[in-house]
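Working notes for the structure below.
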Amino acid sequence: MLSRFIIRIACLAALLSCEMPTHAQINTDQVMQVGRNALYFEDYMLSIQYFNQVIAAKPYLAQPYFFRAIAKYNLDDFRGAVADASKALEQNPFLLDAYELRAVANQNIGNVEDALNDYDEVLGTLPENRVILFNKALAYQELKRYDEAAATFDALLATHSGFDGGYVGRARLRLEQKDTVGALADVEKALDLNKRSVNAYLIRADVAINSHRDYAAALDDMNEAIRLQPKYPGFYINRAFLRHNLDDYYGALSDYEYAIQLDPEDYTGYFNRALLLCEVRDFDKALADLNKVLALRGTDYRALYNRALVLKEKRDFKGALADINTIIAAYPNLAAGYFLRSEIRRDMGDMKAKEDFDRSLALARGNKAGNSGRNDIREQGGQDSSIKTSSDGNSTEPQTAGEPTPFDKDFEEIMRGAAESPDKVMARFTSLLTVNDNTNIEQEFINKSIRGRVQNRNVSISYEPIFTASYYNSPTELRPNPEYIKEVDEINRTRALRFLLQVTNSVPSLDDEDQIKRHFDSVNYYNSYLSSHKPRAIDYFGRAMDLLTLRNYDGSIADFNRALELTPDFTMAYFMRGIARLQKLESEAEESAKTQPGDGRIHQTAPAIMPGASMQQRRANMTEVMADIDKVIELSPEMPVAYYNKGVILLQLQDYTSALKALNRAIELKPDFGEAYYNRGYVYYMLGDSSKGSADVSKAGELGVVPSYNLLKRMNR
């Protein structure tokens with residue numbers, strides 16, 4: 001995780017700002033300066049666009065790659081940061097800050113050996129660098145090379161005896177080696193140096209819990225950590241565990257609730273609160289929390305098991321049986337699953353209950369799993385009995401504190417071999433699509449900006465929509481200009497239309513009465529003109545565009561038909577007729593959905609064509625739309641937007657192989673087509689290919705597609 005390592009990113013830009021080559025052309029200098037300014041003010045996505053310009057003009061410079069790597073690092077695109085730092089080092093192998101940045105980025109994605117090599121490269125020149133020694137010690141510890149980690153910490157503290165973070169880091173190492181006495185000595189030394197060392201309090205609380213079961217002393221330290229960092233949700237989850245063990249149920253519940261307020265997308269608070277609510281037999285609220293966990297996590301088997309318990313208590317035996325059957329289908333050797341199913345079937349009066357009970361006993365004895373019954377599972381509130389810390393003196397990674405159970409251990413063993421299987425990637429990605437966008441009004445306003453760590457914003461996950469020609473566009477700071485289609489440019493140069501066409505995939509709604517009136521007036525103009533002049537294809541096309549703007553789909557399609565009767569090779573008429581047909585289908589589907597009662601379930605937020613119809617029916621409905629797109633490609637085989645739109649339609653129809661083929665062609669024709677990279681990454685995720693999906697989404701972010709970094713973070717955390 002990002003917070004585990006120290007890096008001097010905040011000041012690296014300032015340090016290198018004086019190293020720009022004085023012989024560079026003035027426009028390149030200015031663009032670099034603006035990019036560095038944007039980086040300083042945390043406009044990471046905007047800064048990337050400026051560095052892209054410099055790289056395009058002068059790809060032999062190291063600095064723009066390095067600065068772009070810093071921006072990507074701050075957006076949690078660690079693989080992208082590694083690639084850019086490597087490119088910077090190709091241009092300038094003496095850029096020590098690039099080695100440091102690449103090392104920390106590699107450490108965040110688990111390439112620890114590569115990180116060590118880069119740390120050694122820096123230490124060859126700066127052997128006493130505090131930051132590098134600290135990170136190198138963490139890397140050794142992560143590789144379980146404890147002697148080397150200890151030696152590195154010793155070397156660090158011999159040179160920097162006043163560095164409290166070093167003592168905290170060594171305390172964490174000693175704790176991992178079961179040296180509680182040595183760990184506590186280092187913690188006390190760190191607190192002597194810095195009474196505000198949050199991680200020191202956390203480690204001391206951890207020791208109090210695991211060595212002495214002294215929950216009161218641990219609570220005192222946890223309170224101090226919260227006083228110092230009051231906005232960290234994990235701290236409240238840890239304190240709730242302590243309060244629960246001290247029988248302060250109200251205090252534990254309030255801590256869980258506040259943790260959820262701080263981070264509504266963290267499933268841990270919901271899960272633990274559900275378990276606490278079960279203890280006080282508030283099963284309705286517990287069920288709501290477990291449903292939220294499953295919405296956030298997809299098929300989370302621990303949540304499913306506990307939901308089965310809750311549904312059993314609520315006497316919803318059908319629902320409980322469905323959940324436990326799902327678990328048994330995935331893990332047929334899990335004794336606890338059969339035990340719970342035997343109880344559910346017993347309560348239902350099902351004679352198969354004894355069969356499940358006997359199966360449970362046989363598995364429990366065979367696996368020597370100890371108590372695999374209901375009580376073990378009901379209490380499985382956490383993954384680890386320790387409170388995690390980053391040991392850098394500044395930030396932490398708290399997990400739920402709690403005792404691991406046989407159920408947890410069984411799952412850890414089963415899941416270990418399938419950490420990045422395609423099925424797991426697909427399941428994780430699908431679960432992202434089911435999360436409702438509960439962004440509040442204040443967040444909605446903030447989301448209009450591209451500033452800061454955009455990957456942390458609460459947004460719904462979807463693919464990028466199709467491109468259309470429109471009289472209106474929604475330009476952004478990253479995308480100030482519309483997309484280019486040669487045929488649209490040719491139409492605009494004729495001045496034959498009453499308004500200028502723009503190519504966009506973000507058409508704003510018309511909410512201005514004057515705008516609406518202008519288009520009604522334009523339709524009336526075309527009506528009068530066509531009644532008194534010889535019809536031209538461009539006139540029907542112009543009226544069709546006005547009607548489409550006014551959401552008169554039938555009238556628009558009829559006019560595109562008339563334009564094509566007069567000019568059968570009118571590429572943009574085919575293009576826009578396909579758009580009109582698609583929008584008509586989507587409008588009809590939306591109206592149909594409004595007239596049907598909801599089922600209360602959470603559905604994918606990605607738009608779908610006629611969501612109530614079968615896939616066969618959807619494909620049939622899209623026949624005419626696809627025919628128009630194919631005709632556009634026939635008439636204009638070098639139009640990347642046409643292939644892109646075809647890829648989006650095929651994605652909606654779940655024909656992922658064909659969608660990839662279309663998007664590949666769009667990218668071949670336009671290598672900087674950010675939306676095509678994003679959607680291709682989206683398809684790869686749907687197919688379970690996390691590596692290719694992340695690479696494409698990273699590239700899309702580099703090219704200015706703002707949702708990329710949010711998706712990238714959520715798929716790689």
Side-chain angles (χ1 to χ4, degrees), residues 232-245 247-324 326-327 336 340 344 374-384 398-403 405 407-408 411 427-428 430-440 458 460 599-603 714 717:
Y232 202 93
F235 290 174
Y236 293 93
I237 291 175
N238 281 335
R239 190 171 71 178
F241 164 77
L242 296 171
R243 285 178 161 178
H244 176 263
N245 279 277
D247 296 328
D248 180 5
Y249 287 88
Y250 179 80
L253 189 61
S254 65
D255 274 345
Y256 285 136
E257 289 175 350
Y258 191 59
I260 289 168
Q261 289 180 32
L262 290 173
D263 187 357
E265 300 303 309
D266 183 1
Y267 77 96
T268 313
Y270 295 103
F271 184 83
N272 286 10
R273 187 172 69 177
L275 298 184
L276 181 59
L277 290 167
C278 284
E279 282 196 51
V280 298
R281 303 191 67 77
D282 191 344
F283 295 118
D284 289 334
K285 290 181 180 178
L287 180 60
D289 277 349
L290 290 169
N291 287 338
K292 181 66 175 179
V293 172
L294 290 166
L296 291 167
R297 296 275 291 172
T299 307
D300 184 291
Y301 293 103
R302 292 180 177 88
L304 273 177
Y305 189 95
N306 282 278
R307 189 170 73 174
L309 288 170
V310 170
L311 291 171
K312 176 181 176 295
E313 294 289 345
K314 289 172 62 64
R315 305 192 67 77
D316 180 358
F317 300 124
K318 184 178 179 180
L321 193 60
D323 281 348
I324 199 63
T326 300
I327 293 171
L340 177 55
I344 295 169
R374 176 177 60 187
N375 291 335
D376 287 322
I377 313 306
R378 189 191 298 274
E379 300 300 329
Q380 45 92 15
Q383 301 172 344
D384 198 320
Q399 302 286 335
T400 308
E403 291 297 329
T405 68
F407 186 74
D408 291 323
F411 270 114
R428 185 167 73 251
T430 303
S431 72
L432 296 184
L433 301 180
T434 66
V435 180
N436 286 336
D437 183 11
N438 57 355
T439 315
N440 61 33
N458 178 25
S460 57
D599 60 6
R601 298 176 185 174
I602 301 175
H603 298 287
R714 290 162 74 175
R717 62 185 175 185

I'd like to know if the side chain of [X] and the backbone of [Y] have a donor-acceptor N/O pair within less than 3.5 Å.
| X | Y | answer |
| --- | --- | --- |
| Arg273 | Tyr256 | no |
| Asn245 | Phe241 | yes |
| Tyr270 | Pro264 | yes |

- Message: If the test is side chain to side chain contact (heavy atoms under 4.5 Å, CB included), which one of Asn306, Leu290, Asp289 qualifies with Leu275?
- Response: Asn306

Min side-chain heavy-atom separation [X]-[Y] under 4.5 Å:
| X | Y | result |
| --- | --- | --- |
| Leu253 | Arg243 | no |
| Phe271 | Arg302 | yes |
| Asp266 | Ile237 | yes |
| Tyr305 | Arg307 | no |
| Leu294 | Leu304 | yes |
| Leu309 | Cys278 | no |

Within this structure, what is the [atom1]-[atom2] distance for the pair [X] and [Y], rounded to the nearest 0.5 Å?
| X | Y | atom1 | atom2 | result |
| --- | --- | --- | --- | --- |
| Asp323 | Thr326 | CG | OG1 | 6.0 Å |
| Asp282 | Leu277 | CG | CG | 5.0 Å |
| Glu313 | Leu311 | CD | CG | 10.5 Å |
| Lys314 | Phe283 | NZ | CZ | 9.0 Å |

- Which is it for Leu340 and Lys312 under the side chain to side chain contact (heavy atoms under 4.5 Å, CB included) test, yes or no, and what are the steps along the way? CA-CA 9 Å; Leu340 177 55; Lys312 176 181 176 295; 4.1 Å; yes

- Query: Mind checking whether Tyr232 and Phe235 have ring centres under 6.0 Å apart?
  - Reply: yes

- Dump the intermediate steps for side-chain hydrogen bond (donor to acceptor under 3.5 Å, both in side chains) on Tyr236 and Glu257, then the final yes or no. CA-CA 9 Å; Tyr236 293 93; Glu257 289 175 350; over 6 Å; no

